[in-house]
K.L.:
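The structure is given below, and queries will be raised subsequently.
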Amino acid sequence: MRYSLILALLVAGAAPAGCSPEFWGGTAVGVLGTGAGYEYNAKRQMDRLEEDYREGRVDRETYQERKRQIERGSIIY
């Protein structure tokens, strides 16, 4: 959702300027790369959280709260 909004704002701002195809290609790569970075980080956080829960380092309530926080910042989870 957040990435769609960013892309829409870029399109709306750049369309009147008559940007070249190279610009759009670079923009798409940048948006996808940023999104992939966020998702990779979310996966690492989720894996770490699940390990902490299995090992008893966090209780169920803390686990659920942190899981919701990770899910809010992710498209995949």
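These values consider heavy atoms only, across backbone and side chains, with no hydrogens, waters or symmetry-generated copies.
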K.L.:
Which residue is it: R60, E61, R66? I am looking for the one with a side-chain contact (heavy atoms from CB on, under 4.5 Å) to Q64.
P.N.:
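Only one of R60, E61, R66 forms a side-chain contact (heavy atoms from CB on, under 4.5 Å) with Q64, namely R60.
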K.L.:
Below 4.0 angstrom, N of the basic side chain to O of the carboxylate: do K43 and D47 qualify?
P.N.:
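A salt bridge is present here (some side-chain N lies under 4.0 Å from a carboxylate O).
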K.L.:
Testing the basics here: between V58 and Y63, what is the closest heavy-atom pair and its distance to 0.1 Å?
P.N.:
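In this case the closest contact between V58 and Y63 is CG2-CB, 4.3 Å.
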K.L.:
If you measure from CG on D52 to CG on L49, what distance do you get to the nearest 0.5 Å?
P.N.:
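With rounding to 0.5 Å, CG (D52) is 6.5 Å from CG (L49).
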K.L.:
What distance do N41 atom CG and I70 atom CD1 have between them, rounded to the nearest 0.5 Å?
P.N.:
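Taking CG in N41 and CD1 in I70, the distance rounds to 9.0 Å.
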K.L.:
Are E71 and M46 side-chain neighbours, meaning at least one heavy-atom pair lies under 4.5 Å?
P.N.:
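Sidechains of M46 and E71: in contact.
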K.L.:
Does any part of the side chain of R57, heavy atoms only, come nearer than 4.5 Å to the side chain of E51, both counted from C-beta?
P.N.:
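In short, these two side chains touch, coming nearer than 4.5 Å.
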K.L.:
Between K67 and E50, does any NZ, NE, NH1 or NH2 come within less than 4.0 Å of an OD or OE carboxylate oxygen?
P.N.:
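Between K67 and E50 there is no salt bridge, as every charged N stays at least 4.0 Å from the carboxylate O atoms.
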